[in-house]
Engineer: 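This is the structure, below, for whatever I ask next.
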4 protein chains.
Amino acid sequence: MYRQTYRIRMHDTDAAGVIFFTSQLRIAHETFEVFLDSAGLGLGPLMSRADYRIPIVHVESDYRAPVRLGDDLTVEMTLDRAGQTSFSLRFRLLNTAGAEVGTVRTVQVAVDAGTWQKRPLPGELRNALTSNLG
Amino acid sequence: MYRQTYRIRMHDTDAAGVIFFTSQLRIAHETFEVFLDSAGLGLGPLMSRADYRIPIVHVESDYRAPVRLGDDLTVEMTLDRAGQTSFSLRFRLLNTAGAEVGTVRTVQVAVDAGTWQKRPLPGELRNALTSNLG
Amino acid sequence: MYRQTYRIRMHDTDAAGVIFFTSQLRIAHETFEVFLDSAGLGLGPLMSRADYRIPIVHVESDYRAPVRLGDDLTVEMTLDRAGQTSFSLRFRLLNTAGAEVGTVRTVQVAVDAGTWQKRPLPGELRNALTSNLG
Amino acid sequence: MYRQTYRIRMHDTDAAGVIFFTSQLRIAHETFEVFLDSAGLGLGPLMSRADYRIPIVHVESDYRAPVRLGDDLTVEMTLDRAGQTSFSLRFRLLNTAGAEVGTVRTVQVAVDAGTWQKRPLPGELRNALTSNLG
(Lines give C-alpha, C1' and ligand atoms only; values in the text may rest on other atoms or scores of the structure.)
Protein backbone atom coordinates (compact mmCIF):
# COMPACT_ATOMS: atom_id res chain seq x y z
CA MET A 1 0.00 0.00 0.00
CA TYR A 2 1.11 3.53 -0.71
CA ARG A 3 -0.25 6.30 1.49
CA GLN A 4 -0.31 10.07 1.16
CA THR A 5 -2.09 12.94 2.86
CA TYR A 6 -3.81 15.81 1.10
CA ARG A 7 -5.56 18.95 2.34
CA ILE A 8 -8.42 20.24 0.19
CA ARG A 9 -7.57 23.59 -1.42
CA MET A 10 -9.80 26.34 -2.80
CA HIS A 11 -9.21 25.24 -6.41
CA ASP A 12 -10.56 21.76 -5.56
CA THR A 13 -13.95 23.13 -4.55
CA ASP A 14 -17.00 24.48 -6.34
CA ALA A 15 -19.97 26.71 -5.60
CA ALA A 16 -21.82 23.85 -3.88
CA GLY A 17 -19.21 24.21 -1.12
CA VAL A 18 -17.71 20.77 -1.64
CA ILE A 19 -14.98 19.41 -3.90
CA PHE A 20 -15.78 19.36 -7.61
CA PHE A 21 -16.21 15.71 -8.55
CA THR A 22 -13.18 15.56 -10.83
CA SER A 23 -10.89 16.79 -8.02
CA GLN A 24 -11.16 13.40 -6.30
CA LEU A 25 -9.87 11.73 -9.45
CA ARG A 26 -7.06 14.24 -9.84
CA ILE A 27 -6.03 13.75 -6.20
CA ALA A 28 -5.92 9.98 -6.73
CA HIS A 29 -3.77 10.44 -9.83
CA GLU A 30 -1.40 12.78 -7.96
CA THR A 31 -0.91 10.03 -5.39
CA PHE A 32 0.06 7.68 -8.22
CA GLU A 33 2.47 10.30 -9.61
CA VAL A 34 4.12 10.68 -6.20
CA PHE A 35 4.38 6.89 -5.95
CA LEU A 36 6.07 6.72 -9.36
CA ASP A 37 8.55 9.38 -8.20
CA SER A 38 9.33 7.32 -5.11
CA ALA A 39 9.90 4.26 -7.31
CA GLY A 40 12.28 6.14 -9.62
CA LEU A 41 9.74 6.15 -12.46
CA GLY A 42 8.51 9.75 -12.30
CA LEU A 43 6.36 10.70 -15.28
CA GLY A 44 8.49 13.75 -16.11
CA PRO A 45 11.76 11.89 -16.72
CA LEU A 46 9.81 8.92 -18.10
CA MET A 47 8.33 11.00 -20.90
CA SER A 48 11.83 12.01 -21.99
CA ARG A 49 13.63 8.68 -21.71
CA ALA A 50 11.06 5.92 -22.13
CA ASP A 51 9.49 4.47 -25.28
CA TYR A 52 6.19 3.80 -23.54
CA ARG A 53 3.27 5.72 -22.10
CA ILE A 54 0.60 4.55 -19.65
CA PRO A 55 -2.67 6.31 -20.54
CA ILE A 56 -5.75 5.83 -18.41
CA VAL A 57 -8.42 3.80 -20.22
CA HIS A 58 -10.99 3.48 -17.45
CA VAL A 59 -11.85 5.18 -14.16
CA GLU A 60 -14.56 4.77 -11.56
CA SER A 61 -15.14 7.06 -8.62
CA ASP A 62 -17.55 6.91 -5.70
CA TYR A 63 -18.40 9.80 -3.42
CA ARG A 64 -19.67 8.73 0.02
CA ALA A 65 -19.61 11.96 1.99
CA PRO A 66 -19.22 15.68 1.29
CA VAL A 67 -15.56 16.79 1.32
CA ARG A 68 -14.96 20.46 2.07
CA LEU A 69 -12.29 23.13 1.89
CA GLY A 70 -9.56 22.48 4.45
CA ASP A 71 -10.50 18.83 5.02
CA ASP A 72 -7.52 16.55 5.55
CA LEU A 73 -7.64 13.31 3.63
CA THR A 74 -5.49 10.22 3.67
CA VAL A 75 -5.24 8.56 0.28
CA GLU A 76 -4.46 4.84 0.31
CA MET A 77 -3.39 3.31 -3.00
CA THR A 78 -3.22 -0.42 -3.65
CA LEU A 79 -2.56 -2.56 -6.70
CA ASP A 80 -5.77 -4.16 -7.88
CA ARG A 81 -4.27 -6.14 -10.75
CA ALA A 82 -1.20 -6.18 -12.99
CA GLY A 83 -2.04 -7.88 -16.28
CA GLN A 84 -0.10 -8.48 -19.50
CA THR A 85 -0.61 -5.00 -20.96
CA SER A 86 -2.51 -3.12 -18.27
CA PHE A 87 -2.76 -2.54 -14.55
CA SER A 88 -5.45 -1.39 -12.18
CA LEU A 89 -5.13 0.64 -9.00
CA ARG A 90 -7.56 1.23 -6.15
CA PHE A 91 -7.65 4.34 -4.01
CA ARG A 92 -9.47 4.94 -0.75
CA LEU A 93 -9.88 8.48 0.57
CA LEU A 94 -10.30 8.64 4.34
CA ASN A 95 -11.10 11.60 6.56
CA THR A 96 -9.38 12.29 9.88
CA ALA A 97 -11.93 10.10 11.68
CA GLY A 98 -10.89 7.20 9.45
CA ALA A 99 -14.19 7.15 7.55
CA GLU A 100 -14.07 6.41 3.84
CA VAL A 101 -15.34 9.51 2.01
CA GLY A 102 -14.52 8.31 -1.49
CA THR A 103 -12.99 5.58 -3.62
CA VAL A 104 -11.38 5.55 -7.05
CA ARG A 105 -10.33 2.78 -9.39
CA THR A 106 -8.18 3.41 -12.44
CA VAL A 107 -7.09 1.14 -15.29
CA GLN A 108 -4.01 2.12 -17.27
CA VAL A 109 -2.61 0.42 -20.33
CA ALA A 110 0.96 0.36 -21.61
CA VAL A 111 1.31 1.73 -25.14
CA ASP A 112 4.18 2.49 -27.48
CA ALA A 113 5.11 6.18 -27.16
CA GLY A 114 5.20 6.58 -30.94
CA THR A 115 2.34 4.49 -32.28
CA TRP A 116 0.16 4.59 -29.15
CA GLN A 117 -0.39 0.81 -29.72
CA LYS A 118 -0.74 -1.62 -26.79
CA ARG A 119 2.44 -3.31 -25.65
CA PRO A 120 3.45 -5.56 -22.72
CA LEU A 121 3.74 -3.86 -19.36
CA PRO A 122 7.40 -2.72 -19.05
CA GLY A 123 9.37 -4.74 -16.50
CA GLU A 124 10.45 -1.69 -14.51
CA LEU A 125 6.84 -0.67 -14.06
CA ARG A 126 5.59 -4.17 -13.23
CA ASN A 127 8.33 -4.52 -10.64
CA ALA A 128 7.55 -1.14 -9.07
CA LEU A 129 3.86 -1.98 -8.82
CA THR A 130 4.14 -5.55 -7.54
CA SER A 131 7.01 -5.05 -5.12
CA ASN A 132 5.68 -1.88 -3.48
CA LEU A 133 1.92 -2.18 -3.60
CA GLY A 134 1.33 -5.86 -2.82
CA MET B 1 -31.19 12.34 -26.24
CA TYR B 2 -29.43 15.64 -25.72
CA ARG B 3 -26.55 16.48 -28.04
CA GLN B 4 -23.81 19.10 -27.90
CA THR B 5 -20.55 19.74 -29.69
CA TYR B 6 -17.26 20.60 -28.04
CA ARG B 7 -13.83 21.50 -29.40
CA ILE B 8 -10.87 20.47 -27.25
CA ARG B 9 -9.03 23.49 -25.82
CA MET B 10 -5.49 23.90 -24.53
CA HIS B 11 -6.61 23.73 -20.89
CA ASP B 12 -8.16 20.29 -21.53
CA THR B 13 -4.84 18.76 -22.54
CA ASP B 14 -1.69 17.62 -20.77
CA ALA B 15 1.96 17.04 -21.57
CA ALA B 16 1.18 13.63 -23.10
CA GLY B 17 -0.45 15.60 -25.93
CA VAL B 18 -3.96 14.30 -25.27
CA ILE B 19 -6.77 15.41 -22.99
CA PHE B 20 -6.18 14.98 -19.28
CA PHE B 21 -8.47 12.18 -18.16
CA THR B 22 -10.63 14.34 -15.92
CA SER B 23 -11.42 16.69 -18.84
CA GLN B 24 -13.69 14.05 -20.38
CA LEU B 25 -15.72 13.96 -17.18
CA ARG B 26 -15.89 17.75 -16.98
CA ILE B 27 -17.03 17.96 -20.61
CA ALA B 28 -19.79 15.43 -19.89
CA HIS B 29 -20.90 17.43 -16.87
CA GLU B 30 -20.93 20.65 -18.89
CA THR B 31 -23.29 18.96 -21.33
CA PHE B 32 -25.57 18.16 -18.41
CA GLU B 33 -25.37 21.77 -17.21
CA VAL B 34 -26.33 23.04 -20.68
CA PHE B 35 -29.22 20.57 -20.74
CA LEU B 36 -30.45 21.83 -17.37
CA ASP B 37 -30.33 25.41 -18.71
CA SER B 38 -32.40 24.36 -21.70
CA ALA B 39 -34.94 22.75 -19.37
CA GLY B 40 -35.21 25.86 -17.20
CA LEU B 41 -33.36 24.21 -14.33
CA GLY B 42 -29.93 25.83 -14.64
CA LEU B 43 -27.68 25.12 -11.65
CA GLY B 44 -26.99 28.82 -11.01
CA PRO B 45 -30.61 29.89 -10.39
CA LEU B 46 -31.32 26.48 -8.84
CA MET B 47 -28.76 27.01 -6.10
CA SER B 48 -30.49 30.28 -5.15
CA ARG B 49 -34.11 29.21 -5.33
CA ALA B 50 -34.27 25.46 -4.71
CA ASP B 51 -34.14 23.49 -1.46
CA TYR B 52 -32.34 20.57 -3.07
CA ARG B 53 -28.95 19.77 -4.54
CA ILE B 54 -27.96 16.91 -6.87
CA PRO B 55 -24.40 15.86 -6.00
CA ILE B 56 -22.62 13.22 -8.02
CA VAL B 57 -22.17 9.99 -6.07
CA HIS B 58 -20.65 7.79 -8.77
CA VAL B 59 -18.91 8.21 -12.12
CA GLU B 60 -17.36 5.86 -14.63
CA SER B 61 -15.38 6.89 -17.66
CA ASP B 62 -13.86 4.93 -20.53
CA TYR B 63 -11.24 6.23 -22.94
CA ARG B 64 -11.20 4.41 -26.27
CA ALA B 65 -8.98 6.60 -28.43
CA PRO B 66 -6.58 9.53 -27.91
CA VAL B 67 -8.36 12.90 -28.07
CA ARG B 68 -6.16 15.86 -29.01
CA LEU B 69 -6.13 19.66 -29.00
CA GLY B 70 -8.56 21.01 -31.59
CA ASP B 71 -10.51 17.77 -31.97
CA ASP B 72 -14.23 18.27 -32.45
CA LEU B 73 -16.42 16.01 -30.36
CA THR B 74 -20.13 15.38 -30.29
CA VAL B 75 -21.42 14.57 -26.83
CA GLU B 76 -24.62 12.52 -26.70
CA MET B 77 -26.40 12.38 -23.35
CA THR B 78 -29.17 9.93 -22.50
CA LEU B 79 -31.09 9.05 -19.37
CA ASP B 80 -29.96 5.70 -18.05
CA ARG B 81 -32.37 5.54 -15.13
CA ALA B 82 -34.49 7.80 -12.96
CA GLY B 83 -35.06 6.18 -9.56
CA GLN B 84 -36.77 7.30 -6.36
CA THR B 85 -33.91 9.44 -5.07
CA SER B 86 -31.30 9.28 -7.80
CA PHE B 87 -30.77 9.32 -11.54
CA SER B 88 -28.12 8.08 -13.89
CA LEU B 89 -26.95 9.58 -17.18
CA ARG B 90 -24.89 8.11 -20.01
CA PHE B 91 -22.66 10.12 -22.29
CA ARG B 92 -21.02 9.07 -25.53
CA LEU B 93 -18.23 11.20 -27.02
CA LEU B 94 -17.91 10.81 -30.78
CA ASN B 95 -15.27 12.20 -33.13
CA THR B 96 -16.06 13.76 -36.51
CA ALA B 97 -15.86 10.32 -38.15
CA GLY B 98 -18.61 9.14 -35.80
CA ALA B 99 -16.31 6.84 -33.85
CA GLU B 100 -16.84 6.59 -30.11
CA VAL B 101 -13.73 7.94 -28.40
CA GLY B 102 -15.08 7.85 -24.87
CA THR B 103 -18.04 7.14 -22.64
CA VAL B 104 -19.11 8.45 -19.25
CA ARG B 105 -21.78 7.38 -16.79
CA THR B 106 -22.78 9.51 -13.82
CA VAL B 107 -25.09 8.84 -10.89
CA GLN B 108 -26.52 11.81 -9.02
CA VAL B 109 -28.64 11.79 -5.92
CA ALA B 110 -31.16 14.35 -4.73
CA VAL B 111 -30.35 15.75 -1.28
CA ASP B 112 -31.78 18.44 0.94
CA ALA B 113 -29.82 21.66 0.44
CA GLY B 114 -29.50 22.18 4.17
CA THR B 115 -28.97 18.76 5.69
CA TRP B 116 -27.44 17.11 2.62
CA GLN B 117 -29.72 14.11 3.37
CA LYS B 118 -31.29 12.00 0.59
CA ARG B 119 -34.74 13.03 -0.55
CA PRO B 120 -37.12 12.03 -3.37
CA LEU B 121 -36.17 13.28 -6.82
CA PRO B 122 -37.94 16.66 -7.24
CA GLY B 123 -40.79 16.52 -9.74
CA GLU B 124 -39.43 19.33 -11.91
CA LEU B 125 -36.17 17.44 -12.32
CA ARG B 126 -37.80 14.06 -12.94
CA ASN B 127 -40.02 15.65 -15.58
CA ALA B 128 -37.11 17.37 -17.29
CA LEU B 129 -35.13 14.13 -17.41
CA THR B 130 -37.89 11.79 -18.53
CA SER B 131 -39.60 14.06 -21.03
CA ASN B 132 -36.44 15.24 -22.79
CA LEU B 133 -34.02 12.36 -22.57
CA GLY B 134 -36.25 9.33 -23.14
CA MET C 1 -12.66 43.44 -31.84
CA TYR C 2 -13.57 39.81 -31.35
CA ARG C 3 -16.55 39.01 -29.16
CA GLN C 4 -17.77 35.82 -27.53
CA THR C 5 -20.30 34.86 -24.86
CA TYR C 6 -19.69 32.49 -21.99
CA ARG C 7 -21.89 31.12 -19.22
CA ILE C 8 -20.17 30.35 -15.92
CA ARG C 9 -20.15 26.62 -15.20
CA MET C 10 -19.77 24.69 -11.95
CA HIS C 11 -16.11 23.88 -12.63
CA ASP C 12 -15.33 27.62 -12.90
CA THR C 13 -16.46 28.30 -9.34
CA ASP C 14 -15.08 27.70 -5.86
CA ALA C 15 -16.37 27.37 -2.31
CA ALA C 16 -16.59 31.16 -1.95
CA GLY C 17 -19.50 30.94 -4.40
CA VAL C 18 -17.79 32.94 -7.13
CA ILE C 19 -15.46 32.01 -9.97
CA PHE C 20 -11.99 30.87 -8.97
CA PHE C 21 -9.62 33.64 -10.01
CA THR C 22 -7.78 31.59 -12.63
CA SER C 23 -11.07 30.82 -14.42
CA GLN C 24 -11.24 34.40 -15.70
CA LEU C 25 -7.83 33.97 -17.31
CA ARG C 26 -8.77 30.61 -18.81
CA ILE C 27 -11.99 32.08 -20.23
CA ALA C 28 -10.00 34.91 -21.83
CA HIS C 29 -7.59 32.40 -23.36
CA GLU C 30 -10.46 30.30 -24.70
CA THR C 31 -11.74 33.39 -26.48
CA PHE C 32 -8.31 33.76 -28.09
CA GLU C 33 -8.37 30.08 -29.11
CA VAL C 34 -11.79 30.50 -30.71
CA PHE C 35 -10.52 33.61 -32.52
CA LEU C 36 -7.53 31.66 -33.85
CA ASP C 37 -9.91 28.96 -35.12
CA SER C 38 -11.96 31.59 -36.92
CA ALA C 39 -8.78 32.96 -38.51
CA GLY C 40 -7.68 29.52 -39.72
CA LEU C 41 -4.85 29.37 -37.18
CA GLY C 42 -6.33 27.01 -34.61
CA LEU C 43 -3.78 25.86 -32.02
CA GLY C 44 -4.46 22.17 -32.65
CA PRO C 45 -3.51 22.12 -36.35
CA LEU C 46 -0.86 24.78 -35.68
CA MET C 47 1.01 22.54 -33.27
CA SER C 48 1.24 19.85 -35.95
CA ARG C 49 2.13 21.96 -38.98
CA ALA C 50 3.89 25.10 -37.74
CA ASP C 51 7.50 25.62 -36.65
CA TYR C 52 6.54 28.21 -34.05
CA ARG C 53 4.74 28.41 -30.72
CA ILE C 54 3.28 31.45 -28.95
CA PRO C 55 3.70 30.96 -25.19
CA ILE C 56 2.28 33.46 -22.74
CA VAL C 57 5.02 35.47 -21.01
CA HIS C 58 2.89 37.89 -19.04
CA VAL C 59 -0.69 38.20 -17.82
CA GLU C 60 -2.61 40.70 -15.73
CA SER C 61 -6.14 40.26 -14.49
CA ASP C 62 -8.51 42.55 -12.60
CA TYR C 63 -11.68 41.46 -10.83
CA ARG C 64 -14.22 44.24 -10.41
CA ALA C 65 -17.36 42.39 -9.28
CA PRO C 66 -18.24 38.91 -8.07
CA VAL C 67 -19.07 36.53 -10.93
CA ARG C 68 -21.31 33.60 -10.05
CA LEU C 69 -22.49 30.23 -11.38
CA GLY C 70 -24.84 30.72 -14.33
CA ASP C 71 -23.79 34.32 -15.01
CA ASP C 72 -23.64 35.20 -18.69
CA LEU C 73 -20.58 37.11 -19.74
CA THR C 74 -19.57 38.79 -22.96
CA VAL C 75 -15.85 38.66 -23.59
CA GLU C 76 -14.46 41.41 -25.82
CA MET C 77 -10.94 40.87 -27.15
CA THR C 78 -8.86 43.60 -28.79
CA LEU C 79 -5.30 43.82 -30.02
CA ASP C 80 -3.25 45.95 -27.66
CA ARG C 81 0.00 45.80 -29.61
CA ALA C 82 1.74 43.67 -32.24
CA GLY C 83 5.51 44.06 -31.90
CA GLN C 84 8.48 42.46 -33.65
CA THR C 85 8.45 39.22 -31.67
CA SER C 86 5.44 39.54 -29.39
CA PHE C 87 1.84 40.68 -29.21
CA SER C 88 -0.49 41.80 -26.47
CA LEU C 89 -4.24 41.29 -26.18
CA ARG C 90 -6.81 42.98 -23.97
CA PHE C 91 -10.01 41.33 -22.79
CA ARG C 92 -13.02 42.91 -21.14
CA LEU C 93 -15.62 40.73 -19.43
CA LEU C 94 -19.06 42.30 -19.27
CA ASN C 95 -22.21 41.10 -17.52
CA THR C 96 -25.67 41.20 -19.08
CA ALA C 97 -26.17 44.76 -17.79
CA GLY C 98 -23.08 45.80 -19.75
CA ALA C 99 -20.99 46.40 -16.61
CA GLU C 100 -17.34 45.44 -16.73
CA VAL C 101 -16.79 42.67 -14.18
CA GLY C 102 -13.21 41.91 -15.11
CA THR C 103 -10.32 42.64 -17.45
CA VAL C 104 -7.36 40.60 -18.64
CA ARG C 105 -4.21 41.49 -20.55
CA THR C 106 -1.92 38.87 -22.01
CA VAL C 107 1.47 39.12 -23.69
CA GLN C 108 2.57 36.27 -25.94
CA VAL C 109 5.89 35.84 -27.67
CA ALA C 110 6.71 33.93 -30.84
CA VAL C 111 9.31 31.21 -30.32
CA ASP C 112 10.84 28.49 -32.45
CA ALA C 113 8.97 25.21 -31.81
CA GLY C 114 12.22 23.32 -31.43
CA THR C 115 14.58 25.63 -29.59
CA TRP C 116 11.92 27.70 -27.79
CA GLN C 117 14.02 30.79 -28.78
CA LYS C 118 12.40 34.11 -29.71
CA ARG C 119 11.70 34.69 -33.38
CA PRO C 120 9.86 37.33 -35.44
CA LEU C 121 6.08 37.17 -35.28
CA PRO C 122 4.98 34.90 -38.17
CA GLY C 123 3.27 36.81 -40.97
CA GLU C 124 0.11 34.68 -40.88
CA LEU C 125 -0.34 35.48 -37.21
CA ARG C 126 0.46 39.19 -37.57
CA ASN C 127 -2.05 39.43 -40.41
CA ALA C 128 -4.75 37.64 -38.44
CA LEU C 129 -4.25 39.91 -35.45
CA THR C 130 -4.02 43.23 -37.26
CA SER C 131 -6.72 42.65 -39.87
CA ASN C 132 -9.34 41.26 -37.49
CA LEU C 133 -8.71 42.97 -34.17
CA GLY C 134 -7.84 46.52 -35.23
CA MET D 1 9.35 35.20 3.69
CA TYR D 2 7.37 32.00 3.39
CA ARG D 3 8.83 29.20 1.30
CA GLN D 4 7.38 26.03 -0.14
CA THR D 5 8.41 23.44 -2.70
CA TYR D 6 6.24 22.09 -5.48
CA ARG D 7 6.75 19.40 -8.13
CA ILE D 8 4.92 19.93 -11.42
CA ARG D 9 2.22 17.30 -11.97
CA MET D 10 0.50 16.09 -15.12
CA HIS D 11 -2.62 18.17 -14.46
CA ASP D 12 -0.48 21.34 -14.40
CA THR D 13 0.71 20.83 -17.97
CA ASP D 14 -0.75 21.22 -21.43
CA ALA D 15 -0.16 19.90 -24.93
CA ALA D 16 2.69 22.37 -25.50
CA GLY D 17 4.63 20.25 -22.99
CA VAL D 18 4.92 23.02 -20.38
CA ILE D 19 2.67 24.17 -17.54
CA PHE D 20 -0.59 25.80 -18.56
CA PHE D 21 -0.25 29.47 -17.71
CA THR D 22 -2.93 29.49 -15.03
CA SER D 23 -1.15 26.70 -13.12
CA GLN D 24 1.56 29.15 -12.01
CA LEU D 25 -1.11 31.35 -10.45
CA ARG D 26 -2.81 28.40 -8.77
CA ILE D 27 0.52 27.21 -7.36
CA ALA D 28 1.17 30.69 -5.95
CA HIS D 29 -2.27 30.72 -4.34
CA GLU D 30 -1.73 27.27 -2.85
CA THR D 31 1.41 28.61 -1.18
CA PHE D 32 -0.69 31.38 0.33
CA GLU D 33 -3.27 28.83 1.51
CA VAL D 34 -0.53 26.77 3.17
CA PHE D 35 0.83 29.93 4.80
CA LEU D 36 -2.62 30.77 6.18
CA ASP D 37 -2.87 27.25 7.62
CA SER D 38 0.49 27.71 9.33
CA ALA D 39 -0.72 31.02 10.78
CA GLY D 40 -3.94 29.46 12.14
CA LEU D 41 -6.07 31.25 9.55
CA GLY D 42 -6.77 28.41 7.13
CA LEU D 43 -9.44 29.31 4.55
CA GLY D 44 -11.57 26.26 5.37
CA PRO D 45 -12.21 27.11 9.04
CA LEU D 46 -12.19 30.82 8.18
CA MET D 47 -15.14 30.48 5.84
CA SER D 48 -17.16 28.90 8.66
CA ARG D 49 -16.22 31.16 11.54
CA ALA D 50 -15.23 34.53 10.11
CA ASP D 51 -17.40 37.42 8.92
CA TYR D 52 -14.92 38.42 6.22
CA ARG D 53 -13.59 37.10 2.94
CA ILE D 54 -10.43 38.08 1.05
CA PRO D 55 -11.16 37.86 -2.69
CA ILE D 56 -8.43 38.48 -5.22
CA VAL D 57 -8.96 41.76 -7.10
CA HIS D 58 -5.76 41.82 -9.16
CA VAL D 59 -3.06 39.41 -10.30
CA GLU D 60 0.02 39.67 -12.47
CA SER D 61 2.16 36.80 -13.61
CA ASP D 62 5.40 36.61 -15.57
CA TYR D 63 6.79 33.51 -17.21
CA ARG D 64 10.56 33.62 -17.74
CA ALA D 65 11.41 30.04 -18.69
CA PRO D 66 9.51 26.91 -19.71
CA VAL D 67 8.47 24.78 -16.72
CA ARG D 68 7.90 21.10 -17.43
CA LEU D 69 6.36 17.99 -15.92
CA GLY D 70 8.41 16.80 -12.94
CA ASP D 71 10.27 20.09 -12.46
CA ASP D 72 10.88 20.98 -8.83
CA LEU D 73 10.11 24.57 -7.93
CA THR D 74 10.67 26.60 -4.82
CA VAL D 75 7.98 29.19 -4.26
CA GLU D 76 9.03 32.22 -2.19
CA MET D 77 6.22 34.42 -0.90
CA THR D 78 6.73 37.89 0.56
CA LEU D 79 4.42 40.66 1.70
CA ASP D 80 4.47 43.49 -0.81
CA ARG D 81 2.13 45.81 1.08
CA ALA D 82 -0.55 45.69 3.77
CA GLY D 83 -2.93 48.64 3.35
CA GLN D 84 -6.11 49.72 5.11
CA THR D 85 -8.44 47.34 3.28
CA SER D 86 -6.17 45.31 1.04
CA PHE D 87 -2.82 43.53 0.88
CA SER D 88 -0.46 42.51 -1.84
CA LEU D 89 1.80 39.47 -2.03
CA ARG D 90 4.75 38.68 -4.27
CA PHE D 91 5.79 35.20 -5.29
CA ARG D 92 8.99 34.07 -6.97
CA LEU D 93 9.20 30.61 -8.52
CA LEU D 94 12.76 29.24 -8.67
CA ASN D 95 14.05 26.08 -10.31
CA THR D 96 16.57 23.74 -8.69
CA ALA D 97 19.44 25.81 -10.12
CA GLY D 98 18.05 28.84 -8.29
CA ALA D 99 16.97 30.60 -11.49
CA GLU D 100 13.72 32.55 -11.41
CA VAL D 101 11.31 30.88 -13.83
CA GLY D 102 8.28 32.95 -12.93
CA THR D 103 6.83 35.63 -10.68
CA VAL D 104 3.34 36.37 -9.45
CA ARG D 105 1.81 39.35 -7.66
CA THR D 106 -1.65 39.22 -6.12
CA VAL D 107 -3.80 41.90 -4.52
CA GLN D 108 -6.56 40.80 -2.16
CA VAL D 109 -9.15 42.97 -0.49
CA ALA D 110 -11.03 42.38 2.76
CA VAL D 111 -14.79 42.32 2.31
CA ASP D 112 -17.77 41.60 4.53
CA ALA D 113 -18.82 37.96 4.10
CA GLY D 114 -22.48 38.92 3.72
CA THR D 115 -22.50 42.14 1.73
CA TRP D 116 -19.20 41.61 -0.10
CA GLN D 117 -18.43 45.31 0.70
CA LYS D 118 -14.89 46.51 1.49
CA ARG D 119 -13.93 46.60 5.13
CA PRO D 120 -10.71 47.22 7.11
CA LEU D 121 -8.18 44.41 7.02
CA PRO D 122 -8.97 42.17 10.05
CA GLY D 123 -6.35 42.42 12.80
CA GLU D 124 -5.66 38.68 12.88
CA LEU D 125 -4.85 38.74 9.18
CA ARG D 126 -2.75 41.91 9.34
CA ASN D 127 -0.77 40.43 12.22
CA ALA D 128 -0.20 37.14 10.39
CA LEU D 129 1.01 38.94 7.29
CA THR D 130 3.25 41.51 8.94
CA SER D 131 4.77 39.30 11.62
CA ASN D 132 5.58 36.35 9.38
CA LEU D 133 6.30 37.82 5.97
CA GLY D 134 8.26 40.97 6.87
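These numbers come from the heavy atoms of this one structure, side chains and all, not from hydrogens, waters or symmetry mates. Letters go in sequence order (proteins before strands), and every chain restarts at 1. Predicted model, so just to flag it, every value in this text is computed and none were measured.
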Engineer: Checking side-chain contact (heavy atoms from CB on, under 4.5 Å) for the pair D:Tyr2/D:Asn132: CA distance, chi angles, key distance, verdict?
Structural biologist: CA-CA 8 Å; D:Tyr2 191 78; D:Asn132 295 298; over 6 Å; no
Engineer: What residues of residues 70-95 of chain B make heavy-atom contacts with chain D at a cutoff under 4.5 angstrom?
Structural biologist: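 So no residue qualifies.
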Engineer: Do the non-hydrogen side-chain atoms of D:Ile56 and D:Val107 ever get within less than 4.5 Å of each other?
Structural biologist: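 Contact flag for D:Ile56/D:Val107 side chains = no.
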Engineer: Hey, what's the ring geometry for B:Phe20 with D:His11, parallel, tilted or perpendicular (30° and 60° as the breaks)?
Structural biologist: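 Geometry flag for D:His11 against B:Phe20: tilted rings.
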Engineer: Any ion pair linking D:Arg53 and D:Asp112 (charged N to carboxylate O, less than 4.0 Å)?
Structural biologist: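 Not counted as a salt bridge, because no side-chain N and carboxylate O are separated by less than 4.0 Å.
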Engineer: So, do B:Phe21 and B:Asp14 sit near enough that their side-chain heavy atoms are less than 4.5 Å apart?
Structural biologist: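 Counting from C-beta outward, B:Phe21 and B:Asp14 never come under 4.5 Å.
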Engineer: Salt-bridge test for B:Arg9 and B:Glu30: reply yes if a basic N is under 4.0 Å from a carboxylate O, no otherwise.
Structural biologist: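 Here B:Arg9 does not pair with B:Glu30 in a salt bridge, since their nearest N and O are not under 4.0 Å apart.
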